[in-house]
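To keep things clear, I will list the structure first and then write my remarks on it.
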Amino acid sequence: MFRWFGKKKDRDEFQIEGEFCEHCAAKMERELSKIIEIGQTKINYELKTISLPATMKDQAQAIMERIEPGGVLVRVDEEAS
């Protein structure tokens, strides 16, 4: 069952810096989607981006780091700064 908590505008686009494979991306998606505050999420493997609630960045970072060490989430609008 798909549960959506929060509006699309409450989510920010993040670039995932670092190397990871498609298998690890799928594993990260599954683990992140288990967090009720994050909800269903999808990693764009080609662009290495993910849309998350900004308030969940640190928790998402910790989950992703556990699966694929070295990956860093950077909000897309922060890259230009």
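Heavy atoms only: backbone and side chains are in, while hydrogens, waters and symmetry mates are out.
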Any chance you could lay out the side-chain contact (heavy atoms from CB on, under 4.5 Å) test for Asp12 and Leu52, step after step, and finish with the verdict?
CA-CA 5 Å; Asp12 290 336; Leu52 298 167; over 6 Å; no
Drop me the distance from Thr55's OG1 to Arg11's CZ, to the nearest 0.5 angstrom.
10.0 Å
Side-chain donor/acceptor of Ser33 to backbone N/O of Thr41, under 3.5 Å
yes
Might you point out which heavy atoms bring Ala54 and Phe14 nearest each other, and give the distance in Å?
CA-CZ, 4.3 Å
Arg66 side chain near Glu31 side chain, heavy-atom distance below 4.5 Å:
yes
How long is the straight-line distance from CG of Leu32 back to NZ of Lys42, given to the nearest 0.5 Å?
12.5 Å
Note: Gln15 and Leu47 closest approach over all heavy atoms is NE2-O, 2.9 Å
For the OH atom of Tyr45 and the CE atom of Met28, what is their distance to the nearest 0.5 Å?
9.0 Å
Gap separating the CG atom of Leu73 from the CE atom of Met56, nearest 0.5 angstrom:
12.0 Å
Between Glu17 (side chain only) and Val72 (backbone N and O only), is there a donor and an acceptor less than 3.5 Å apart?
no
If you count the non-hydrogen atoms of other residues, nucleotides and ligands that lie under 6.0 Å from NZ in Lys27, is the total more than 12?
no
Interatomic distance, Ile16 atom CD1 to Ile50 atom CD1 [nearest 0.5 angstrom]:
5.0 Å
One should read off an interatomic distance between Ser51 OG and Ile38 CD1, to the nearest 0.5 angstrom, of 11.0 Å
Taking C-beta and beyond as the side chain, do Lys48 and Glu19 meet within less than 4.5 Å on heavy atoms?
yes
